[in-house]
Amino acid sequence: EVKLVESGGGLVLPGASLKLSCIVSGFTFSDYWMRWVRQAPGKGLEFIGEIKPDGSKTNYAPSMKGRFTISRDNAKNTLYLQMSSVRSEDTATYYCARSWDYWGQGVMVTVSS
Amino acid sequence: DIQMTQSPSSLPASLGDRVTITCRASQDIGNYLRWFQQKPGKSPRLMIYGATNLAAGVPSRFSGSRSGSDYSLTISSLESEDMADYYCLQSKESPFTFGSGTKLEIK
């Protein structure tokens, strides 16, 4: 069974950094592009970025470039999203996705003082 | 970046209705178009890929079509479990972009 489980969310102060993780199982992690998508409360889906199976290439939405960094550890079957200088607008549920067919349950990040 | 214009934003409908949601791409995306269903508090679920292909486990009342740069998701006979938000996604090139969503609700 394919599973993706995000963790690392919570309440963070504006300007802080946060690293989300997505641990996967049930498939060969190193074979797949992986993506991060977020959804602000009551809003639509927003692509954050993606990473190549071997981790050698990343692509980001223009609005995410510079503050968000995607990485992976294929030995640990884990995808990461490093968020820095977070703002209130980053308050959202963050999803990891395998290509586009399987998604995690999401993890909530709230940026507030 | 490729823009996806989705309509309508809200679609009141009755059980048994045939409903259609549309996305228009600002550039050529070929058949690199996916449709997702999302229910409250849940993750998105892939419904259609390659513009017209039904994802695994999706009921046959769902279908996808393309006419030029317009892509449609049709539900042939609405059931209560279909009430959800629907999003299109262009997966032709990064940055990938979603439509703004359609809320399908009971009239």
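What's counted below: heavy atoms across the whole structure, side chains too, no hydrogens, waters or symmetry copies. First the proteins, then the strands, lettered A, B, ... as listed; each starts at 1.
- Interface remark: of the candidates B:Gly41, B:Ser91, B:Ser94, B:Ser94 forms the most heavy-atom pairs closer than 4.5 Å to chain A.
- Residue pairs meeting the ring pair (Phe, Tyr, Trp, His ring centres under 6.0 Å) criterion with at least one partner in residues 2-39 of chain A, sequence neighbours excluded, are A:Phe27-A:Tyr32.
- Without hydrogens or angle criteria, A:Thr91 side chain to A:Thr110 main chain gives no donor-acceptor distance under 3.5 Å.
- For B:Lys39 and B:Asp85, the salt-bridge test fails: no basic side-chain N is under 4.0 Å from an acidic carboxylate O.
- When heavy atoms are compared at a cutoff of 4.5 Å, A:Gln39 approaches chain B solely by way of its side chain, counted from C-beta outward.
- Ring geometry, B:Phe98 versus B:Tyr87: the interplanar angle exceeds 60°, so the pair is classed perpendicular (tilted spans 30 to 60°).
- Contacts with chain A (heavy atom to heavy atom, under 4.5 Å) involve these residues of residues 43-59 of chain B, listed by number: B:Ser43, B:Pro44, B:Leu46.
- With a 4.5 angstrom heavy-atom cutoff, B:Asp1 touches chain A only via side-chain atoms.
- Relative ring orientation between B:Phe36 and A:Trp103 is described as perpendicular, the plane-to-plane angle rising above 60° on a 0-90° scale split at 30° and 60°.
- Proximity to chain A (any heavy atom under 4.5 Å) is shown, for B:Phe96, by both the backbone and the side chain.
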**Q.** Evaluation steps, salt bridge (Lys or Arg N to Asp or Glu O under 4.0 Å), between B:Asp28 and B:Lys92
**A.** CA-CA 9 Å; B:Asp28 176 45; B:Lys92 172 78 162 37; 5.3 Å; no
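- Between B:Gln6 and B:Thr102 the shortest side-chain heavy-atom distance falls below 4.5 Å.
- Aromatic pair B:Tyr71/B:Trp35: centroids not less than 6.0 angstrom apart.
- For A:Tyr60, the part lying near chain B is the backbone, with the side chain staying farther off; criterion is any non-hydrogen pair under 4.5 Å.
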